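Keep in mind it's a predicted model, so treat the numbers as computed, not measured.
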Amino acid sequence: MILAESAYLAVAAVLLVAALGKLRDVPGFARSVAGYQMLPAGLAGPAAVGLLVAELVAAGLLLAPGGRRWGAVVAGVLFTAFLAAMASVMRRRMAVDCGCFGGHDPVGAGTLLRTGLLLVLAVTAVLAGPVAFAPLQIPVAAVLLGLAFLPGRLLRAEKDGYGPRSGTRFALTGAPEPAGDRVMYALVSPACGLCRTMLPEFAAAAARLEVVLVSAVDGYGGAGLPVVVDPEVFDRNDIPWPPYVVVTDRAGTVLSAGGAADPAQLEQVLSRAES
């Protein structure tokens, strides 16, 4: 059947794109691996390199006629490991960048569903065996990739629509009286690995404007920044996950807001507030 016979090509394309994305920023991928908090800190770098190499090897085997079944097996093992790691993160209610394609895609229902569908494609490729290449497999593989990625995209798009809008009021209980004209509220969580990574960046932003850390639970502190604990802040403002930044004026009106998973994202939010 052409669908099963095209699965190997779809899986190889995913692995190649994922590996090339990670190659652009290997240290960034290592930080994503460390964020899962499943390995000792010193092993995050070697694990990141090992995963990257495994993806390239699996893709190479899938594209070699004699190695397609073995490549599909390696891909299946990788997707199973990714699923287990994501499920662990969600069970622990952590905010972690999945690191899947070298970008910033927080672990959630969308990434879990996408990885599960990719595992189904890998298993299908194993069962199909070492099929010969046929030109028709290319468009069919593209359709399979669309079916694998679309459900997760829809879930992610729904979440991306959340968050406070410019011109609205930022609802926060217990905030100190602003000392300046603009305030940056950095929403964080004790269980968020990316939040700890971004803490020095939040502290550095205090040279440009007032910075306040906001957490839904007690126990967060660091970098000498003031901390406000508001259990309802995420739900009240429709904020999907930390780290998230909201910049307001002195009256609490939102000037800009957005995710702050890395320095570039933080700078985008700050630049919008200054424009």
Shortest non-hydrogen separation from A4 to T124 and the atoms involved
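Here A4 and T124 meet closest at CA-CG2, 3.6 Å.
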
Return the minimal non-hydrogen interatomic distance between V233 and N237, and the atom names on each side.
O-ND2, 2.9 Å

Tell me if a side-chain donor or acceptor on [X] pairs with a main-chain N or O of [Y] at a distance below 3.5 Å.
{"X": "S6", "Y": "V140", "value": "no"}
{"X": "E267", "Y": "P263", "value": "no"}
{"X": "R196", "Y": "P190", "value": "yes"}
{"X": "S88", "Y": "A84", "value": "no"}
{"X": "R182", "Y": "E210", "value": "no"}
{"X": "D230", "Y": "T173", "value": "yes"}
{"X": "T111", "Y": "G108", "value": "yes"}

If Ile, Leu, Val, Met, Phe, Trp and Tyr residues are connected whenever their side-chain heavy atoms lie under 4.5 Å apart, and connections chain through other members, are I2 and V131 in the same group?
yes

Examine V143 and V17 and state if one hydrophobic cluster contains both, with Ile, Leu, Val, Met, Phe, Trp and Tyr joined whenever side-chain heavy atoms are less than 4.5 Å apart.
no

Regarding R31 and D262, does a basic nitrogen lie under 4.0 Å from an acidic carboxylate oxygen?
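So R31 does not pair with D262 through a salt bridge.
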
Short N-O contact, E5 and R68, less than 4.0 angstrom
no

I would like to know whether F149 and F101 meet ring pair (Phe, Tyr, Trp, His ring centres under 6.0 Å); could you show each step before the answer?
CA-CA 13 Å; F149 278 77; F101 294 92; 5.8 Å; yes

Quick check: do [X] and [Y] have side-chain heavy atoms less than 4.5 Å from each other?
{"X": "R169", "Y": "V254", "result": "no"}
{"X": "L9", "Y": "L63", "result": "yes"}
{"X": "L172", "Y": "V246", "result": "no"}
{"X": "E274", "Y": "S256", "result": "no"}

Stepwise side-chain contact (heavy atoms from CB on, under 4.5 Å) test for L112 and L83:
CA-CA 6 Å; L112 199 69; L83 271 176; 3.7 Å; yes

Could you walk me through whether F82 and L118 pass side-chain contact (heavy atoms from CB on, under 4.5 Å), step by step?
CA-CA 11 Å; F82 296 157; L118 291 174; over 6 Å; no

Once you round to the nearest 0.5 Å, how far does [atom1] of [X] lie from [atom2] of [Y]?
{"X": "L199", "Y": "L194", "atom1": "CG", "atom2": "CG", "result": "12.5 Å"}
{"X": "Y8", "Y": "R69", "atom1": "OH", "atom2": "CZ", "result": "14.0 Å"}
{"X": "R114", "Y": "L145", "atom1": "CZ", "atom2": "CG", "result": "11.5 Å"}
{"X": "L213", "Y": "F202", "atom1": "CG", "atom2": "CZ", "result": "7.5 Å"}

Result for side-chain contact (heavy atoms from CB on, under 4.5 Å) between F79 and one of V123, L117, L15, V120 points to L15

